[in-house]
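Throughout, a chain's letter reflects where its sequence line sits, starting with A, and its residues are numbered from 1.
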Protein chains: 2
Amino acid sequence: MAQGVQGRVTLKDVAARVGISPAAVSMALSGRSRISAATVEQVKAAAAELGYVPSSAAKALRNQRSGVIAVIVPNSTQHVFGHSYFMQVLTGVSSAANERDLQVLVSTSASEASGLTAYERVMRSRTADGAIVTSSAIGDPNIERLTAGGLAVVLIGNYPELPGTTSVGIDDVAASRMVTEHLIEVHGKRSLLHVTGPLDHQTAVDRREGFLDAVRAHGLLAASDVVEGDFSERAGYDALDGRRLGADGFDGVVFANDDMAFGGLQLLRRTGLSVPGDVAVVGFDDFGLSRITDPGITTVHVPAEQMARLAAERLIPRIEDPTAAPTRDDLEVSLVLRESCGCAREDVVLLRN
Amino acid sequence: MAQGVQGRVTLKDVAARVGISPAAVSMALSGRSRISAATVEQVKAAAAELGYVPSSAAKALRNQRSGVIAVIVPNSTQHVFGHSYFMQVLTGVSSAANERDLQVLVSTSASEASGLTAYERVMRSRTADGAIVTSSAIGDPNIERLTAGGLAVVLIGNYPELPGTTSVGIDDVAASRMVTEHLIEVHGKRSLLHVTGPLDHQTAVDRREGFLDAVRAHGLLAASDVVEGDFSERAGYDALDGRRLGADGFDGVVFANDDMAFGGLQLLRRTGLSVPGDVAVVGFDDFGLSRITDPGITTVHVPAEQMARLAAERLIPRIEDPTAAPTRDDLEVSLVLRESCGCAREDVVLLRN
DNA sequence: CTGAAAGCGCTTACAG
DNA sequence: CTGAAAGCGCTTACAG
């Protein structure tokens, strides 16, 4: 605790105190060596007394490993509701990192166009041994740049165009099909609208595909439609604005995420249509919002924290060997039934994967 | 871009390519030195061609500065609604850090009791040059430990018991008084209940004081009451459960944050009481939730992102000189009027500070 | 004005 | 079995 005002306590100081070499102190502290038990005791006592804290910079330089993993956040986390997703990611990564005494660096893109991107920041600094990328557009060249730079990388999401990468995600197609079928099979909806996310993101493409699979399988393709959104509340509102809805129009809307569903709910309320009476609504994500709204939004629960934790666990061995064979993990999702689809109370049904 | 599979490109490699010493390359790249313009050009070209990325570890060791600032998150960010607050903090800190090419490390406490605390993590690793602490209990010894360890520290919040520390926050007393007076003066409420946060946190103490100031000033102390909560949705619900509310009880409730207000709203709905008709409700924070609920919650907008940005800006000079005189900044808050107090539409009134 | 040496604080391969 | 040397990749104070 008694740290000198000037300069830090180093191995040398501890060594001087005990009367051995810094190398011996290092070995004593690391435990994995042939230093007598008595000396180890002395060293530990001296280190504690002097308030010795190893220099992470020196360790990193010597070991060629920083013990830091980066979480890369593309610009997308602007909207408030993205916050919860990202915090779940951060929590998941941190819990895995903490167990292994790794540090977590967060790299965000500057909001102004001027700055470096989150990717460049991580590559330029070489502070991290590996990176977790939470979401990026189809064909984003930055991911390949990261891996080409020798960094270990794990992606969260689905990247079919990058078969060489390790990723953790969910089966968006199956999940979207499932929630769509819920509207059709349980609530008897016959004319469905799907509001997609931005279609340069695989998630949006996959959720659209699941929707189309479901309506096609039930012979409802002709009575259904798809409109492109961008995951924002505004887009959900606009997507329904001016549409024929209710008795002589769409009797159900499948939004590709909850934010858009909330926007849609606002339009429906303003229009005087009841949910789920006139129009049933479902969303996707369950990051917090869907429980709060009135009515609550029936949605697909995406286990963001678990995904992130698993991503970190997949990353750690890749730091040792970035060329190890890539892996892919799909986590299970569940359908959370609330009022917006017509189900009475909140209830959770497990989705078969 | 052409980085070798084994090992990284170092100054030495660039130097060999150009035919000068590593030291000269370092100087050429740093710009601030007497290397001929022609050589500088050559060096830059060679560095780009070889894909040279400086080693942050070597730089940190040599400069005795890592270029990393830590954001310390105590356990509190468990609840989903804390997510938004913390993301605003992260965004604010990152934007200031990005401008100065600093990296942002996030340190969270392990959820299990086993692990190290977020504080220990930062101190033990010495990876960061400075730290921003977002919230901690009154008398938490960790803060003094951090500063004693020679780390530059800036706190977000109010810490009257630590006069020697630099902090950024808001005037909770004034803000709480203001929102309470709104219920009294604008909506004519005469019997008010205050649900506090955990009283080992200064924020909770200050907001209670503001509430008491207001009811006292209007001669309503006898008709009012205070009950302790803990900032959780559940606590807001429980605080109202079994109380006399409405016509023959409390006609207004001042919650110390929005999460508790949301919990209270749920109890009131279950009880069949109307908001704001029977009971007016106000919250505090405006981190996202209060806009979503039905009715929307009238609340005090806390500028978390700006607070965090300013905290980072105050931190940076303190890294140069951790003994510099401490500073205190109070940011302005605003009252956001929604339906829960009885105001018709959303509107923003600036709070005089 | 320029080049080479020293040293930041570690850890491990090597000499004794 | 133990101690001292080498070296990770930088930057700057110093010698020429």
Side-chain angles (χ1 to χ4, degrees), chain A residues 3-4 6-40 42-43 46-47 50-68 101 103 124-129 149-150, chain B residues 3-4 6-40 42-43 46-47 50-68 101 103 124-129 149-150:
Chain A
Q3 180 149 348
Q6 336 243 32
R8 316 183 22 197
V9 176
T10 70
L11 278 185
K12 215 165 82 178
D13 301 314
V14 179
R17 177 67 150 247
V18 181
I20 58 177
S21 71
V25 174
S26 170
M27 292 172 142
L29 256 21
S30 79
R32 50 167 173 270
S33 184
R34 68 292 147 85
I35 305 285
S36 75
T39 308
V40 168
Q42 274 187 73
V43 167
L50 295 171
Y52 169 70
V53 178
S55 156
S56 55
K59 269 177 127 137
L61 179 58
R62 164 70 222 210
N63 297 336
Q64 297 288 78
R65 187 139 304 167
S66 65
V68 173
D101 251 304
Q103 309 259 31
R124 285 201 356 149
S125 76
R126 275 239 163 239
T127 300
D129 298 327
Chain B
Q3 179 148 346
Q6 336 241 33
R8 316 180 23 194
V9 177
T10 70
L11 277 186
K12 215 165 80 177
D13 301 313
V14 179
R17 177 70 149 243
V18 180
I20 58 177
S21 73
V25 174
S26 171
M27 292 172 142
L29 256 21
S30 79
R32 49 166 176 272
S33 183
R34 67 291 148 85
I35 304 286
S36 74
T39 306
V40 168
Q42 275 187 71
V43 167
L50 294 171
Y52 170 70
V53 177
S55 156
S56 55
K59 269 176 124 138
L61 179 58
R62 165 69 223 209
N63 297 337
Q64 297 289 79
R65 185 139 305 166
S66 65
V68 173
D101 252 305
Q103 308 259 32
R124 287 202 354 150
S125 77
R126 275 240 163 235
T127 301
D129 298 326

- request: With sequence neighbours excluded, tell me which residues meet side-chain hydrogen bond (donor to acceptor under 3.5 Å, both in side chains) with A:Ser26.
  value: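 Not a single residue meets the side-chain hydrogen bond (donor to acceptor under 3.5 Å, both in side chains) criterion with A:Ser26.
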
task: For A:Ser55, enumerate each residue passing the side-chain hydrogen bond (donor to acceptor under 3.5 Å, both in side chains) test, keeping only those at least two apart in sequence or located in another chain.
output: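 side-chain hydrogen bond (donor to acceptor under 3.5 Å, both in side chains) list for A:Ser55, sorted by chain: empty.
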
Taking atom [atom2] of [N] as reference, at what distance in whole Å does atom [atom1] of [X] sit?
{"X": "A:Arg65", "N": "D:dC8", "atom1": "CZ", "atom2": "P", "answer": "16 Å"}
{"X": "A:Arg126", "N": "D:dG9", "atom1": "CZ", "atom2": "P", "answer": "11 Å"}
{"X": "A:Asp129", "N": "D:dC8", "atom1": "CG", "atom2": "P", "answer": "18 Å"}

query: C:dC10 and D:dA13: how far apart are their C1' atoms, nearest whole angstrom?
result: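 Between the two C1' atoms, the distance is 23 Å.
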
- request: Taking atom C1' in both D:dG9 and C:dC14, compute the distance separating them and give it to the nearest angstrom.
  value: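 Pairwise C1' distance, D:dG9 against C:dC14, rounds to 22 Å.
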
field: Sugar-phosphate only, base, or nothing, as touched by A:Ser26 at under 4.0 Å among non-hydrogen atoms
entry: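 Base contact.
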
If you look only at distance, which donor and acceptor atoms sit under 3.5 Å apart when one is on a side chain in residues 10-19 of chain A and the other is two or more places apart or in another chain?
from, atom 1, to, atom 2, distance (Å)
A:Thr10, OG1, A:Lys12, N, 3.2
A:Thr10, OG1, A:Asp13, OD2, 3.4
A:Asp13, OD2, A:Thr10, N, 2.8
A:Arg17, NH2, A:Glu49, OE1, 3.3
A:Arg17, NH2, A:Glu49, OE2, 2.3

Pairing residues for B:Thr39 by the side chain to side chain contact (heavy atoms under 4.5 Å, CB included) criterion, not counting sequence neighbours: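 Counting only residues at least two positions away or on another chain, B:Thr39 forms a side chain to side chain contact (heavy atoms under 4.5 Å, CB included) with B:Ile20, B:Ile35, B:Ser36, B:Val43.
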
- prompt: Heavy-atom contacts under 4.0 Å between residues 57-64 of chain A and DNA chain C, which residues?
  reply: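 Those residues whose heavy atoms fall under 4.0 Å from DNA chain C, taken from residues 57-64 of chain A in numerical order, are A:Ala58, A:Lys59, A:Arg62, A:Asn63.
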
- prompt: How far does CG of B:Leu61 sit from OG of A:Ser56, to the nearest 0.5 angstrom?
  reply: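 Answer for the CG-OG pair, B:Leu61 versus A:Ser56, is 9.5 Å.
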
Listed once per pair and sorted, the salt bridge (charged side-chain N to carboxylate O under 4.0 Å, His left out) pairs that draw on residues 54-63 of chain B, sequence neighbours left out: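 Qualifying pairs: none.
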
message: Within the structure provided, determine whether A:Tyr52 and A:Val25 are in side-chain contact (heavy-atom separation under 4.5 Å).
response: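 With C-beta onward as the side chain, the pair stays apart.
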
message: Give me the atom names and distance for the closest heavy-atom approach of A:Ser66 to A:Ala60.
response: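 Closest pair (atom of A:Ser66, atom of A:Ala60, distance): CA-CB, 3.8 Å.
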
message: Using modelled atom types and a 3.5 Å cut-off, is there a donor and acceptor pairing between side-chain atoms of B:Arg65 and backbone atoms of B:Asp129?
response: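 Side chain of B:Arg65 to backbone of B:Asp129: no pair is present.
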
Would you tabulate the pairs of protein nitrogen or oxygen atoms and nucleotide nitrogen or oxygen atoms of nucleotides 2-5 of chain D closer than 3.5 angstrom?
from, atom 1, to, atom 2, distance (Å)
D:dT2, OP2, A:Arg34, O, 3.0
D:dG3, O6, A:Arg34, NH2, 3.4

task: Pull out every stem in DNA chain D, meaning runs of 3 or more consecutive Watson-Crick or G-U wobble pairs with both distances under 3.5 Å.
output: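 Stems for DNA chain D, defined as runs of 3 or more consecutive pairs: C:1-3 with D:14-16, C:5-12 with D:5-12, C:14-16 with D:1-3.
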
